[in-house]
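Written out below as structure tokens is the structure these notes cover.
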Amino acid sequence: MDNKPRRDLGGKLALCAFWIFCLYALWAILRYFWVVSAVQPVPGNVHGTFSGKLLDALAGGMVLGAIALVLGGVVWFTRPASHR
């Protein structure tokens with residue numbers, strides 16, 4: 001028999017949620033740059049400048065990163081028992 005450690009149902013669901021979130025985050029980042037690249041700057045609006053766009057991207061990346069840390073922690077905590 002194979003004695004390889006396996007994840008339980010909760011661990012599998014957590015891992016699945018993590019991978020789905022990673023795909024969503026990649027899609028959201030690509031979509032952001034695709035949409036924002038077509039936006040024309042408005043005079044007097046800081047969000048239309050290049051640095052404003054980078055600041056908005058950084059803020060969005062920090063939110064996505066915080067969610068990824070929480071999901072990654074759950075996946076780490078629910079890993080197979082023999083690796084703890």
Name the atoms and distances for all side-chain donor-acceptor pairs under 3.5 Å in residues 7-18, with sequence neighbours left out.
unit_1, atom_1, unit_2, atom_2, d
R7, NH1, V75, O, 3.4
R7, NH1, T78, O, 3.3
D8, OD1, G11, N, 3.0

Exercise for the section: Starting from L23, walk the hydrophobic network (Ile, Leu, Val, Met, Phe, Trp, Tyr; side-chain heavy atoms closer than 4.5 Å) and list everyone else you reach, by chain and number. Expected result: none

Handout entry: Test side-chain contact (heavy atoms from CB on, under 4.5 Å) applied to I29 - qualifying residues, sequence neighbours left out
Key = F33, L64

Practice task
Consider only side-chain heavy atoms of I, L, V, M, F, W and Y, link residues closer than 4.5 Å, and tell whether W19 and L71 are in one cluster.
Solution key: yes

Problem - For L58, the rest of its hydrophobic cluster, which grows through side-chain links under 4.5 angstrom - result: M62

Exercise for the section: Using ring-ring contact (aromatic ring centres under 6.0 Å, His included) as the criterion, list what pairs up with F21, not counting sequence neighbours. Expected result: none

Completion exercise
Across all chains, not counting sequence neighbours, the ring-ring contact (aromatic ring centres under 6.0 Å, His included) partners of W34 are none

Exercise for the section: Could you state whether Y24 and I67 fall into the same hydrophobic cluster, counting links through intermediate Ile, Leu, Val, Met, Phe, Trp or Tyr residues with side-chain heavy atoms under 4.5 angstrom apart? Expected result: yes

